[in-house]
Amino acid sequence: MDGNGRWAKARGLDRVKGHIEGVESVRACIEAAVEKGIEYLSVYAFSEENWNRPQEEVLALMELMMQSMKNEFGTFLDNHVRFMVLGNRARLSEGLNRTIDEMMEATSRDYRSTLILFLSYSGKWDILQAMKKAQAQLSPEAFQAMDLPDFDRFLVTAGIPDPDLLIRTSGELRISNYLLWQTAYTEFYFTDILWPDFRKPQFFEALEEYARRDRRYGKVK
Ligand code: FPP
């Protein structure tokens, strides 16, 4: 969800105002995804690297996460959306973790779509924690015999399908340590639009572009 800071700067506003406007885009995309029957929508809200931003911005972002989750609770219920947070939750505050647990529990039944907020997440961290978990849980023989699907279940995304489409806004052409393992065959869509300007029409345009892609998974068709 890149470009919040630049969106704010272009208007002479504080960077945090850009993040606040970015939450409106998250809501628009949830509604658009539900409308199209998309079962999983993931947003990369805060990376492990983002902890290195100035402390005021980190604190403001964490506060915004907490407020936005609470504010969007109605959106989740109205749209039958299950809310999930994945990432290194040990780094989040106790209060934020409590709110996350309550919201995940409250939206865990009677859902049609799932919104995953990746928070304090990085792809390399995920692979490393999966490796450690696998080694701790499996016998040395089972660990050695581990196959690709066996490994998948140790990632934080266990049980969740790999993404079909990854959208990156604001003209950045990188993966920035997002779902490294899970995006092996994901289609990428890059746009110069800044995240606060990425609303329903822009989301639908990305879906139309995706529909034109020819997915071969390394095979010949
Ligand atoms: C990247 O823009 C955006 C973020 C680091 C934060 C995004 C988080 C939200 C919009 C909150 C979502 C929360 C909920 C609960 C829906 P940037 O700061 O890197 O912008 P720049 O590239 O212009 O500097």
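What you see below is based on every heavy atom in this structure, not just the backbone, and it leaves out hydrogens, waters and symmetry mates. Order of listing sets the numbers, starting from 1, for every ligand and every atom in it. The first residue of the sequence shown is numbered 1, and numbering continues consecutively from there.
The nearest heavy-atom contact from the protein to atom 16 (C) of ligand 1 is V26 CG1, 3.7 Å. Summary of contacts: the protein heavy atom closest to atom 1 (C) of ligand 1 is M1 O, 3.2 Å. From the protein, the heavy atom lying nearest to atom 22 (O) of ligand 1 is R6 NH2, 2.8 Å. Among protein heavy atoms, the minimum distance from atom 13 (C) of ligand 1 is reached at M65 SD, 3.8 Å. In terms of protein heavy-atom proximity, atom 20 (O) of ligand 1 is nearest to G5 N, 3.0 Å. Annotation: atom 4 (C) of ligand 1 to nearest protein heavy atom, H19 CE1, 3.7 Å.
Annotation: side chain of T183 is in contact with side chain of P163 (closest heavy-atom distance under 4.5 Å).
Residue pairs meeting the ring-ring contact (aromatic ring centres under 6.0 Å, His included) criterion with at least one partner in residues 25-69, sequence neighbours excluded, are Y44-Y178, F46-W51.
Remark: the D162 side chain and the W181 side chain contain no N/O donor-acceptor pair separated by less than 3.5 Å.
Distances from atom 24 (O) of ligand 1 to the heavy atoms of E21, R27, R15 put R15 nearest. Comparing E172, R53, K9 against atom 17 (P) of ligand 1, the shortest heavy-atom distance belongs to R53.
A salt bridge links R6 with E172: the closest approach of a Lys/Arg side-chain nitrogen to an acidic carboxylate oxygen falls below 4.0 angstrom.
By the neighbour-count criterion of 12 heavy atoms within 6.0 Å, atom CD of Q55 is sparsely surrounded, having that number or fewer from other residues, nucleotides or ligands.
Only one option out of K70, M69, M62 pairs with M66 in a side-chain contact (heavy atoms from CB on, under 4.5 Å); it is K70. Residue Y121 is tested with N88, L179, N177 for a side-chain contact (heavy atoms from CB on, under 4.5 Å); the sole match is L179.
By the criterion of side-chain heavy atoms lying less than 4.5 angstrom apart, applied directly or through intervening Ile, Leu, Val, Met, Phe, Trp or Tyr residues, V26 is grouped together with M65 in one hydrophobic cluster.
For ligand 1, none of its N or O atoms has an N or O atom of S68 under 3.5 Å away. Looking at ligand 1, you'll find an N or O of N4 within less than 3.5 Å of one of its N or O atoms.
Each of the following atoms of ligand 1 lies closer than 4.0 Å to a heavy atom of A45: 4 (C), 5 (C), 6 (C), 7 (C), 8 (C). Heavy-atom contacts of L61 reach the following atoms of ligand 1: 6 (C) (cutoff under 4.0 Å). For ligand 1, the atoms lying closer than 4.0 Å to a non-hydrogen atom of G3 are 2 (O), 20 (O), 21 (P), 22 (O), 23 (O).
What you find for V81 and T107 is that their closest heavy atoms are O-CB, 3.5 Å.
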